[in-house]
Amino acid sequence: RTADIGVTGLATMGRNLARNFARHGHVVAVHNRTESRTKQLIEEHGHEGDFVPSASVEEFVSSLRRPRKAIIMVKAGPATDAVIEELAARMEPGDMIIDGGNAHFEDTRRREAALRERGLHFVGTGISGGEEGALNGPSIMPGGAAEAYETLGPLLEDIAAKVDGTPCCVHVGPDGAGHFVKMVHNGIEYADMQLIAESYDLLRQALGLSPSEIADVFREWNRGDLESYLIEITAEVLGHTDAATGRPFVDVVVDQAEQKGTGRWTVQSALELGVPVTGIAEAVFARSLSGHPGQRAAARSLAGPEGTAPRAELVDDVRHALYASKIVAYAQGFDQITAASEEYGWDVDRGAMATIWRGGCIIRARFLDRIRTAYDADPSLPTLLADPTFASALADAQDSWRRVVATAATIGVPTPGFSSALAYYDALRRDRLPAALVQGLRDFFGAHTYHRVDREGAFHTDWSGDREERPA
Ligand code: 2AM
């Protein structure tokens, strides 16, 4: 029997993807370095569809119909390179290796170039939705050559999540585009979670609401503009009681947020590209800060206000602040995709990215439909904030947003996400920015020159001499 597609690396994600293909009627070759995992998959789930198990890489590759399509689901890094080499050595021109792990897009670009030299396709593919998504329909972000997508795409679209009948899978662009977009998706997820955490913190500190009362607030919010998977599960987590102690679950969890690295990668890339992704950066740094118990202990006695802000309207204000800050965070993430698309010549369709994030992935939300509509209306939109629908949402939210940031500062609750999003909003809409003064200072101490508002060219003022201005 020849298989339509193969999966090697049968830990949870790989196993669930293989089962997803099988359940959709595809013949799936399966392989794992340690054969017991392959046997376990067949024993437990063999009845779900048509699996072709292999004990060796040779067998695995030869069980695939040409052009061969082999998905790698192993640890990112050297393991991925090792498995690529094992497969590539046994493949023929036109065959495809699909990396479904969370690889860095620069690694994907390197691997794609190397395999292209050998006549093979390498399709770095972002897959979001965790274990559950892999089994029941993830959001899939494949990069690589358009030619590879022609035969691979229909298979991936089959197993992807569907929203209104549209698969959450589209060819993102060449080489590393898929992994890049997946990285930014994860960065946005960091920002989203940070904003949710700030909302919870403020409601608890300012109003003295209990976690279960705040769970009800989130449940209510999930019926409106904020409707999303993350808001939904926030209600679940806040409403959960620890069985061992009877206390709210959030109160028994150590308050140090960990990270696997995709948020950090997003910010590193944004720094390189020169895109201000302040929302994602604040989220990454908030996690870093939480993970420094020594400094936190040393700072505990520092002066701060003691206070609450018992004003019932704060609940609605926080909802507005959350929505407005979320618009900013997404606008910044899409700016980063735009910048990378230009830098690497990917020609990414931003509306299509919003479309494939509507289902299957962690940031799935009603909101993404609005982003898609915005880019459909104006594919060259310079910033999402300028879309008429978002602009009016921000106009409706801004008074509340300002009150929330002011209240938080007054009672000493840190809201880096809300505050920096508001600062970004205010900076972007400014007629004149104090960047002019920064330019003056740079010219003063380093003769870095400046441009004038009224004349072409670069200029330098002789600050230490006659203070005459000369063309640079
Ligand atoms: P294993 O079951 O043999 O450990 C997640 O760790 C998955 O990646 C597992 O299926 C694991 O296989 C596989 N994996 C990790 N390192 C690997 C390597 N160097 N070569 C092949 N598979 C590897």
*asked:* Using side-chain contact (heavy atoms from CB on, under 4.5 Å), reason through T308 and L207 one step at a time and then give a plain yes or no.
replied: CA-CA 6 Å; T308 56; L207 298 177; over 6 Å; no
Partners of [X] by salt bridge (Lys or Arg N to Asp or Glu O under 4.0 Å), sequence neighbours excluded?
X	value
D81	R110, R111
E220	R223
D251	R204
R109	E106, D175

Ring pair (Phe, Tyr, Trp, His ring centres under 6.0 Å) contacts in which one or both residues fall within [range], not counting sequence neighbours:
range	answer
residues 336-364	F105-Y344, F180-W346, H185-W357, F334-W357, Y344-W346
residues 388-416	F367-F390, W401-Y425
residues 257-313	H104-W265
residues 138-164	Y149-H171

*Using the side chain to side chain donor-acceptor pair (under 3.5 Å) rule, take D378 and S380 through it: C-alpha gap first, then chi angles, then the decisive distance, then the call.*
CA-CA 5 Å; D378 180 1; S380 61; 3.2 Å; yes
*Can you pull the side-chain hydrogen bond (donor to acceptor under 3.5 Å, both in side chains) pairs that have at least one residue in residues 359-373, sequence neighbours excluded?*
E227-R366, Y323-R370, R358-D369, D369-R372
*Only pairs at least two apart or in different chains count here, so list each side-chain hydrogen bond (donor to acceptor under 3.5 Å, both in side chains) that has a residue in residues 252-261.*
D255-R296
Between [X] and [Y], is any side-chain donor less than 3.5 angstrom from a side-chain acceptor?
X	Y	result
Q268	E272	no
Q439	D443	no
Y330	D192	yes
T449	H460	no
S269	Q336	yes

*Does D317 have any side chain to side chain donor-acceptor pair (under 3.5 Å) partners at least two apart in sequence or in another chain, and if so, which?*
R311, S400, R403
*asked:* Could you check whether any side-chain N or O of S341 sits under 3.5 Å from a backbone N or O of D347, counting only pairs where one atom can act as donor and the other as acceptor?
replied: yes
*Pair R455 + E469: basic N to acidic O under 4.0 Å*: yes
*K162 with D158: basic N within carboxylate O range, under 4.0 Å*: no
*Write out all pairs satisfying salt bridge (charged side-chain N to carboxylate O under 4.0 Å, His left out) with one or both partners inside residues 282-293, taking only residues at least two apart or from two chains.*
none
